Amino acid sequence: MGRVVGIDLGTTNSVVAVIEGGKPIVIANAEGFRTTPSVVGFNKEGELVVGQMARRQAVLHPKNTFYGVKRFIGRKYSELEPESKRVAYTVRRDRSDNIKIPCPQIEKTFAPEEISARILQKLAEDAEKYLGEAVTGAVITVPAYFNDAQRQATRDAGKIAGLDVKRIINEPTAAALAYGLEKRNYQTILVFDIGGGTFDVSILDIKDNLFEVRATCGDSQLGGDDFDKRIVDWLAEQFLQQEGVDLRKERQSLQRLMEAAEKAKIELSGVKVTEINLPFITATAEGPKHLETRLTRSQFEDLCGDLVGRLRKPIKRAMSDAGITPPEIDEVVLVGGSSRIPMVQQLVRSFIDIEPNKGVNPDEVVAVGAAIQAGMLGGEVKDILLLDVTPISIGLETIGGINKKLLPRNTTIPTRRSDVFSTGENNQTMVEIHVVQGEREMARDNKSLGRFKLTGIPPAPRGVPQVQVSFDIDANGILQVTARDRTTGREQGITIQGASNLSDGEIERMMREAAQYAREDREKRERVEKRNKARALVDKAQRTLKEVTLDFGSQFVSYHRRRIEALCNEITESLRENDERAIDRAESDLRDALYELNREVKWQYEEDDEIDLFGAIKRTFTGEREEDYWPSNSGYREREDYRYGGGYYDNEDRRDYETRDDRDYYGDRRNSRGDYSRSSRYDDYPPEQSSRRGRTSNRNNIPRQNNWDEDDDDEWY
Ligand code: ADP
Ligand code: MG
């Protein structure tokens, strides 16, 4: 059995965490970052890109880059506000009012669940790489204020990604778990979570090992993106007035506007005024046009005043539902990137006059909580009892279209409630159960979760038959409804499928496709890596030939040159023809040929050395065995540094030339001991250069041994 991870599947960013040695840790992705943009794209070659890479291509391929998809998951097209539909890619509805996202590059249409599945897949894969173990299960978080359809859809996304979704858990509850893990004294805390697309507020009691949610409320369509859009509109209106062009109508300009707006917004959390510059944003008959302006924090606050106003109601309602007043709250925990907006923080303070807790990382705390929940399910984390609630009331439609609530909001889950209903007409043999979720009195004003029929009721005067309807909510907050005719014992049940959810058949198909994509992707990546490796080897061989010729003359090399050049040509030719096996063969032969050449070079040095007994050349043996690096069957492929393309030459080269004074041969890259330690290597550089190198290597998260390979490729090969 594989590992179970905790995943915060955010609108903007996602994070994966796991329990290791009893403690939660956040896992960095393959690019070395602890958060992964929730962006999925297809590049010009039709290849899937996820995360940072996808985010980077958004401006270039706006139609094929999908972000913020969490706003669409589990929703109907007709439920979307016009605002949410304003994205740089296309959002469509199908015949059943479901949301579909076409990707022109690969001529395919996706359900939001599938896009989310790609993100989950990447996170799970990156976690596998880190753990060195298969990841088969996940606890996935959702906004507390997600309704049943949104929860189901998130669970489906996990399934499509090939994950066993062990639990769906509310984001603020997860945050509270992470916050409270270390402190188990009695506390009432308020978690305020505002990210890119959703807003939640939850009030919890933490008492010893009990985490009990008292109330939760929120807005699943309010987040940082809305703030960005206000800036986009402001910029676009200005530009429209000045230049007569609506930038929102062009996908690329819209995408650039959105990125600039987000950047400005983030800057305004730290400074009072920011510049916005977008050169060549569009072109008119007069020529290229540039956008250049500045935005002050107070202007921004004016633009977004009403959005901040919308945060008020859920806070108030959560407090009244929990039956507490602000002074009873001991701690405020701010979660989500948008909680850094000063105006948002002021609003929270205006309710609860205490300094928000600074001890949690607002970007990671949700994933950490999910990992803790995973640990609780797996038995690695003990002694915690978590009681969550259902965020929105659930009821059914009765005569006259009235919503009869069976499960009021903030009911502790898991739970089961039932009630007895009867027929409205004489001899009615069938009843239709229409399940709705929401607080409004009339059923039609709420979210319809689904309908089903109970048939075969024996004819009887109205009001006589007794139909017992039960609602079960499991620990995931997901609903199951059953109806039973008390006279006949006949039962009908459904797991509510919000109509935007996918059928089992569709999920199956999507699972297959996702798995196939992952496989194809891996193969593609391996192919590319192999080609790069072969090319690098050819370059290296040519350079080696040149250098050895310089040192020892063409006579010395001529035999090797013929062989090596022939093999290089063979590789180049095979690369052109995409003949994988020929590449492998020629590459292996070339390695052997280079090995022989290097050996001869080494002997030559040893001879020179003997002559020059008291000369300047010092030899240092590092104690490593030659077989560790050479030749092609030596197993270097398995080594970690293989991944960093070219990195493995580091060791090989070190061995090849270790017997000479490397300083001149390597262009001063090493000290006279042939030592690659960071300090000695960098000592040889002027200070500003060495610091640049230091930074670059950190950013790429490359093992120290390979530090200069990425940067120095061009110098070296
Ligand atoms: P989600 O949970 O929706 O994935 P995050 O918690 O990662 O979102 O928050 C992302 C949102 O936070 C984005 O809208 C981003 O612009 C915003 N954000 C991040 N940092 C800041 C900041 N310093 N000031 C204002 N907004 C920020
Ligand atoms: Mg979040």
Side-chain angles (χ1 to χ4, degrees), residues 6-17 26 29 33-40 51-52 55 58 66-73 83-84 87 115-116 119-120 123 140-146 150 154 169-176 178 191-202 218-232 257-272 274 295 297 300-301 303-304 307-308 311 333-348 360-370:
I7 296 179
D8 169 8
L9 179 63
T11 313
T12 323
N13 295 298
S14 296
V15 182
V16 55
V26 170
N29 62 21
F33 297 103
R34 292 158 74 91
T35 57
T36 300
S38 305
V39 187
V40 173
Q52 197 61 38
R55 196 184 163 131
F66 314 114
Y67 56 85
V69 168
K70 188 170 173 181
R71 285 197 176 218
F72 302 136
I73 204 159
E83 272 290 276
S84 327
V87 285
I115 306 273
S116 297
I119 300 164
L120 293 171
L123 295 171
I140 304 176
T141 62
V142 294
Y145 213 60
F146 254 23
Q150 291 166 304
T154 304
I169 164 175
N170 292 328
E171 284 160 12
T173 310
V191 180
F192 180 97
D193 178 357
I194 181 158
T198 59
F199 164 55
D200 274 331
V201 48
S202 289
D219 187 336
S220 65
Q221 302 292 309
L222 176 62
D225 297 351
D226 299 286
F227 291 74
D228 300 348
K229 281 185 178 136
R230 291 296 161 84
I231 302 178
V232 167
L257 275 184
M258 291 201 293
E259 287 183 8
E262 184 186 14
K263 185 162 160 275
K265 173 192 72 177
I266 290 176
E267 280 169 6
L268 288 176
S269 293
V271 295
K272 291 274 170 68
T274 179
L295 178 66
R297 188 188 287 174
F300 169 66
E301 293 180 346
L303 292 173
C304 301
L307 294 176
V308 172
L311 301 170
V333 179
L334 295 183
V335 183
S338 303
S339 70
R340 296 197 179 94
I341 299 175
M343 185 173 39
V344 169
Q345 296 191 350
Q346 273 154 29
L347 178 102
V348 180
V360 301
N361 178 333
D363 300 319
E364 297 177 353
V365 65
V366 170
V368 168

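Just so it is clear, the model here is predicted, and its values are computed rather than measured. One-based numbering, in listed order, for ligands and for the atoms of each.
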So does Arg297 have more than 12 non-hydrogen atoms from other groups sitting under 6.0 Å from CZ?
yes
As an exercise, identify every atom of ligand 1 less than 4.0 angstrom from a heavy atom of Glu262.
13 (C), 15 (C), 16 (O)
For ligand 1, is there an atom lying under 4.0 Å from some heavy atom of Ile341?
yes
Contact with ligand 1 for Ser338, non-hydrogen, under 4.0 angstrom
yes
Among Ser339, Gly270, Gly337, the residue with a heavy atom nearest to atom 9 (O) of ligand 1 is Gly337
Looking at non-hydrogen atoms alone, which of Gly196, Gly336, Pro143 comes nearest to atom 8 (O) of ligand 1?
Gly196
Glu364/Arg34 salt bridge by N-O under 4.0 Å criterion:
yes
Which atoms of ligand 1 have any heavy atom of Gly197 under 4.0 Å away?
3 (O)
Sidechain N-carboxylate O distance under 4.0 Å for Glu267, Lys263:
yes
Minimum heavy-atom separation for Gln221 to Ser84, with atom names?
OE1-OG, 3.6 Å
Taking distance alone, with N or O pairs closer than 3.5 Å, would you say Gly224 contacts ligand 1?
no
Proximity winner for atom 14 (O) of ligand 1, if only heavy atoms of Lys265, Arg71, Lys263, Arg340 are counted:
Lys265
Can you find an N/O atom of Asp228 closer than 3.5 Å to an N/O atom of ligand 1?
no
